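These notes are about the structure you will find just below.
Residue numbering restarts at 1 for every chain, and letters A, B, ... go by the order of the sequence lines. These numbers come from a predicted model, not from an experiment. Note that these values count all heavy atoms, side chains included, but never hydrogens, waters or copies made by symmetry.
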Amino acid sequence: MSGTVFWSPTNSLTDTPAAEPAINPRWKVVKQRLRPLVRYVSAVLFVVLWQVACTTGLISTRLVASPFQIASTGWSLMRDGTLPANLGISLLRAVSGLVLALAAGITLALVSGLSRMGEDIVDAPIQILRTLPVLALAPLFILWFGIGETPKVLLIALGSMFPIYLNLHKGIRSIDPKLVEMARTLRLTRLQTIRDVILPGALPDLVVGIRFSVGISWLLLVVAEQVNADSGIGHMMMDAQDFLRTDIILVGLVIYGFFGLVSDQAVRFLESRVIAWRPARQNQGGAA
Amino acid sequence: MNAIPQASVRTPVTGPAVSVRDLTRRFGNGPAVLDRLSLDIAPGEFIALLGRSGSGKSTLLRTLAGLDAVTQGSVMRPAETSVVFQESRLLPWKKVWQNVVLGQAGATRDHAVAALEEVGLGHRPDAWPLTLSGGESQRAALARALVREPRFLMLDEPFAALDALTRLRMQDLVHGLWQRHGSAVLLVTHDVDEALLLANRVVVLDAGRIRMELPVPLSYPRRHADPRFEDLRTRLLRTLGVGDN
Ligand SMILES: Nc1ncnc2c1ncn2[C@@H]1O[C@H](COP(=O)(O)OP(=O)(O)O)[C@@H](O)[C@H]1O
Ligand SMILES: [Mg+2]
């Protein structure tokens, strides 16, 4: 492996610099207060520039619709029912896939995390399966399950199951053995040990897994809907492509972006609740 | 006293609270870590176990705690035992009071708070363990051990990671708890002074065998300046191979 790091979260632009020069503390407070505002300002400025470029003809509206046009298209799609219908079916697919992934991933991780025999049976096949690019299974899934909802939901479920399984399994296996030993000296039953020691200890890892899964489920949703579907946001966008309607395509993108953001926030909130017992926020890695 | 489910570990009916007979323990095919070791502890007796590191102290304690099986020899001890280790081993995701009564059917928050008050931690029952200092964590671990009303309490270097002042306070605390509860205590320590301040009898372990058993017939509270204390300390240090000029 090469040692080059192309991108790492700690280098991201939103991070505060590690060492700030000594400046007037009052100015520092003002800066702190303004920071979230500044971030919005730059986004708004971007949209304004985009609009101006479109209106002045700097960008061809045939290639990129203007923000105003996107908003008005979004509004009319909303009113004629196209958007709610497609959005509903897309959300249903994503959520069903995620629910299946959670059920399967958690069950398998418990089986292989809590017993050696379970690990021997479950872990190896999953380790092999996860190296396959899930998207490559799409044609096979269509052959097997037809073109209805089943192949789409299963594709999402399969792809988002792996991070849940891997992280929870890792979490269960990395419980401090000293705590398990303590549970023995306190005469906890096996069931009590699992409930009070092992599962709570592995919970933060499970949440990390869920965060990866949610991201993956959106990705798979987009692909599943664009490859083969007659409904959903992805289908709406593919349809628009045939008619060169960049405004509709961009409405779809905005929607994907919006729900990606919302679901990420939801998982972060869940995370903060689950690790309330940690005194300070610690960065944690995970396996995707 | 109930029999605990382990063939070679039995519960004494009368006589000593704890009785170890010819206990031998090896890891794999290595040398004997405990070598035909025999030791009796009377009910309510406070024993301090000294020895260099690697002499088998923790191994003995783990066997007495039922964490390691007895393969050679026999061990008798009460069913009601508690252990405190060098690390508090509190569950970070349970509040302090929940840790104290963990696995105790029917025990309430009030029980936990009462135990915490006894160890001087009554003001923090709802704290998360990771927010406690080292001394506070060990207090909580002591409360968790005591709430089970043990007839035999094992402490494996419980103060080794604490600063000197905190350690002195904890020694006082343990002494007071022992006097009130009257359980037999086995304290593993590196600290000769700690052993002499607290114990009825000091046992020195060396290569899995008892090298020396030293009764400490001094009344409490004990003072370092006492010439008899000085004398016992010199003898112990000599046995441990230190300070022999
Ligand atoms: N699980 C184990 N596997 C192999 N050897 C061990 C194990 N636990 C302890 N030992 C060995 O047994 C000896 C005594 O260890 P221990 O009882 O922990 O000593 P002490 O507590 O007196 O410092 C040491 O030589 C140690 O290496
Ligand atoms: Mg030890």
Side-chain angles (χ1 to χ4, degrees), chain A residues 106 109-110 113-114 116 167-210 267-286, chain B residues 2 4-6 58 61-69 77-96 98-105 107 126-133 136-138 140-141 143-150 152-156 158:
Chain A
I106 291 177
L110 288 181
L114 295 177
R116 285 287 161 198
N167 282 286
L168 181 56
H169 181 255
K170 181 196 107 194
I172 292 175
R173 284 286 176 215
S174 54
I175 295 286
D176 185 355
K178 287 181 172 172
L179 292 183
V180 178
E181 202 176 89
M182 194 70 228
R184 270 181 68 202
T185 70
L186 297 177
R187 308 249 159 73
L188 264 60
T189 62
R190 177 80 180 140
L191 220 62
Q192 285 173 319
T193 306
I194 291 173
R195 190 194 62 198
D196 291 334
V197 182
I198 297 177
L199 291 187
L203 202 54
D205 286 294
L206 173 62
V207 176
V208 171
I210 292 177
V267 182
R268 273 170 199 272
F269 175 72
L270 183 70
E271 197 170 11
S272 69
R273 297 301 298 265
V274 158
I275 58 169
W277 47 268
R278 284 194 192 168
R281 269 192 75 90
Q282 291 160 1
N283 284 330
Q284 35 181 331
Chain B
N2 306 312
I4 63 165
Q6 200 165 50
S58 294
L61 191 130
R62 289 175 56 83
T63 309
L64 287 174
L67 288 171
D68 292 345
R77 51 128 204 207
E80 303 85 1
T81 57
S82 290
V83 196
V84 175
F85 294 96
Q86 181 175 332
E87 332 81 31
S88 61
R89 304 196 183 183
L90 301 168
L91 299 178
W93 42 85
K94 292 215 177 272
K95 301 209 163 139
V96 168
Q98 294 170 316
N99 266 287
V100 170
V101 289
L102 184 69
Q104 291 285 92
D126 295 309
W128 294 113
L130 292 185
T131 65
L132 299 182
S133 71
E136 288 171 332
S137 299
Q138 287 306 69
R144 179 180 57 190
L146 287 173
V147 86
R148 281 144 232 274
E149 287 169 20
F152 178 40
L153 174 63
M154 287 165 272
L155 309 165
D156 193 354

Exercise. Name the region of A:E181, side chain, backbone, both or neither, that has any atom closer than 4.5 Å to a heavy atom of chain B.
Key: both
Quiz item: Do the side chains of B:T81 and A:R187 get nearer than 4.5 Å, heavy atoms only?
Solution: yes
Quiz item: Could you state the interatomic distance from CE (A:M182) to CD (B:E87), rounded to the nearest 0.5 Å?
Solution: 10.0 Å
Quiz prompt | Contact class of A:L186 relative to chain B, heavy atoms under 4.5 angstrom | solution = both
Quiz item: Checking heavy atoms, do the side chain of B:K95, its backbone, both or neither come under 4.5 Å from chain A?
Solution: neither
Exercise. Go through the atoms of B:Q98 and report whether side chain, backbone, both or neither lie under 4.5 Å from a heavy atom of chain A.
Key: neither
Exercise. Sort out for me which of A:L188, A:T189, A:D176 touches chain B most, counting heavy-atom pairs under 4.5 Å.
Key: A:L188
Quiz prompt | With sequence neighbours excluded, residues passing side-chain contact (heavy atoms from CB on, under 4.5 Å) with A:I106 | solution = A:L102, A:L110, A:I164, A:L168, A:L206
Quiz item: Of the listed residues (B:T131, B:L67, B:V83), which shares the most heavy-atom pairs with chain A below a 4.5 Å separation?
Solution: B:L67
Practice problem: For the pair B:W93 (side chain) and A:D196 (backbone), establish whether a donor and an acceptor sit closer than 3.5 Å, ignoring hydrogens and angles. | Solution: yes
Quiz item: Given the options B:P129, B:A127, B:P92, B:A145, which has more heavy-atom pairs under 4.5 Å with chain A than any of the others?
Solution: B:P92
Quiz item: Going from CZ on B:R89 to OG1 on A:T185, what distance comes out if it is rounded to the nearest 0.5 angstrom?
Solution: 8.0 Å
